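Predicted model only: the values in this text are computed from it and were never measured. In the text below, chain A, chain B and the rest are named by the order of the sequence lines, each starting its count at 1.
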2 protein chains.
Amino acid sequence: MKVSKKAYYGLRAAVSLADADGPVSARELAERERIPEEFLEKILQKLRRSGIVESKKGVEGGYALAEQSVSVWDILRALDGPVRTFTPPLGKGTLPCDFPSHCRTNDVLRRLEEEIEKTLSGVTISRRSERNQESGMKNEEKAVLSSPDS
Amino acid sequence: MKVSKKAYYGLRAAVSLADADGPVSARELAERERIPEEFLEKILQKLRRSGIVESKKGVEGGYALAEQSVSVWDILRALDGPVRTFTPPLGKGTLPCDFPSHCRTNDVLRRLEEEIEKTLSGVTISRRSERNQESGMKNEEKAVLSSPDS
DNA sequence: TCGAAGTAAGACTGATTTAGTCCTAATTTA
DNA sequence: TAAATTAGGACTAAATCAGTCTTACTTCGA
Ligand code: FES
Ligand code: FES
């Protein structure tokens, strides 16, 4: 029940990208966040294939968030794969098997998954590249990471 | 981000024990739930050291839930160890380090942990060994697994 | 048009964790 | 005392994690 280093780095990278205002190269990002460069590259590539970041090759290229904002849930799912807290019935289909506590246990775990998903989907990382010139707010005051509560 | 087989088996075992009305041997429980016997024994021993089940040796011995009810959270913590979703700062103490996104990322993950804990602590497994003779309710109608909502 | 800066992708590797097994006690009760 | 049971530790095979290495391919600017 833990978040992998890969996902942790990915989260850090995403927050960092949201702070930046242009594409950032993997090397630069690795230095900023002290993440092993080659490993980070793999992570960014995965995030790209999931459509979370986009990349530009060549000089002055790099990675940037693909959308205005992305949820923490999306990033975790992309990097750690689907959360598997419960074990589906061994037999075929969705029919009940005959392990007395199987169904009841899975019910609890399924609820847990939903809870986690709901919580993490609500937490988003948003870039602040487009400066909101209408707003009287200073840029620094706009949160990069935000959640409904807090 | 998954629940280990160990924890999953432990959960199943606990639900099963809550259903039973006397101590159940590891062998019997393993058969009922189709869990590898030696492995289940290790799991039950861990649950015992955490005070979740109690054991009785010898003929007619076995395991039983130690308390009237136990939360799913307790079982998971006992078997999978503490949930570690975030990485504490590398330096000493609680002082901030200099990785731009470190603090913000950890804040999110810490909130996630709290959320999970809150959710799972609310789900409890309670035994129904003491028959409530005053109640008009039939025994079968008393839920072994319960949560505030649902 | 060439070379440097960059991403893309896959094979490979060492360390750790998971999911057990095996073996040898120690207890309890019939 | 023998059978049933838990107690605990050492051991192991397989999977996963955390990264590295290598070899491309693409883009831009000089
Ligand atoms: S699916 Fe196994 S008991 Fe319901
Ligand atoms: S502890 Fe690392 S930046 Fe705050």
(message) For nucleotides 12-24 of chain D, give me one character per nucleotide, 5' to 3': B if any protein heavy atom sits under 4.0 Å from the base, S if the only such contacts are to the sugar-phosphate, - if neither.
(response) ------SBBB---
(request) Starting at the 5' end of nucleotides 25-30 of chain D, put B wherever the base has a protein heavy atom under 4.0 Å, S where only the sugar-phosphate does, and a dash everywhere else. (result) -SBB--
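Between the CG atom of B:Leu29 and the P atom of D:dT5 there is a distance of 13 Å, given to the nearest Å. Between the OH atom of B:Tyr8 and the P atom of C:dA19 there is a distance of 13 Å, given to the nearest Å. Rounded to an integer number of Å, the gap from B:Leu79 CG to C:dT18 P is 12 Å. If you measure from atom NZ of A:Lys46 to atom P of C:dT7, you get 19 Å, rounded to the nearest angstrom. One can place CG of B:Leu44 at 14 Å from P of D:dT5, the figure rounded to the nearest angstrom. Between the CD atom of B:Gln45 and the C1' atom of C:dA26 there is a distance of 12 Å, rounded to whole Å. Rounded to whole Å, the distance from CD on A:Glu54 to P on C:dG6 is 18 Å. Taking atom CD1 on B:Ile35 and atom C1' on C:dA19, their separation rounds to 13 Å, with Å as the unit.
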Tabulate below the donor-acceptor pairs under 3.5 Å that side-chain atoms of residues 44-52 of chain A make, not counting sequence neighbours, or state none.
unit_1: A:Ser50; atom_1: OG; unit_2: A:Lys46; atom_2: O; d: 3.0

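Using a 4.5 Å cut-off on side-chain heavy atoms (C-beta onward), B:Val70 and B:Thr124 make no contact. The closest side-chain heavy-atom distance from A:Val24 to A:Ser16 is not below 4.5 Å.
In terms of phosphate contacts, B:Ser55 brings no side-chain nitrogen or oxygen within less than 4.0 Å of OP1 or OP2 of D:dT5. Contact annotation: B:Arg27 does not reach the phosphate of D:dA3 (side-chain N/O to OP1 or OP2, under 4.0 Å). Phosphate contact (OP1/OP2 of D:dA7, side-chain N/O of B:Arg49, threshold under 4.0 Å): absent.
Scanning for salt bridge (Lys or Arg N to Asp or Glu O under 4.0 Å) contacts around B:Arg84 gives an empty result, with sequence neighbours left out. For B:Lys57, there are no salt bridge (Lys or Arg N to Asp or Glu O under 4.0 Å) partners two or more places apart in sequence or in a different chain.
Judged by distance alone, the side chain of A:Arg127 and the main-chain N or O of A:Leu65 form a donor-acceptor pair under 3.5 Å.
Here salt bridge (Lys or Arg N to Asp or Glu O under 4.0 Å) pairs that include residues 9-19 of chain B, with residues two or more places apart or in two chains, are A:Arg104-B:Asp19, B:Arg12-B:Glu33, B:Asp19-B:Arg128.
The pair B:Arg111-B:Glu114 does not meet the salt-bridge criterion, since no charged nitrogen lies less than 4.0 angstrom from a carboxylate oxygen.
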(request) Would you check, one step at a time, whether the test side-chain hydrogen bond (donor to acceptor under 3.5 Å, both in side chains) holds for A:Tyr8 with B:Asn106? (result) CA-CA 9 Å; A:Tyr8 185 68; B:Asn106 277 333; 3.0 Å; yes
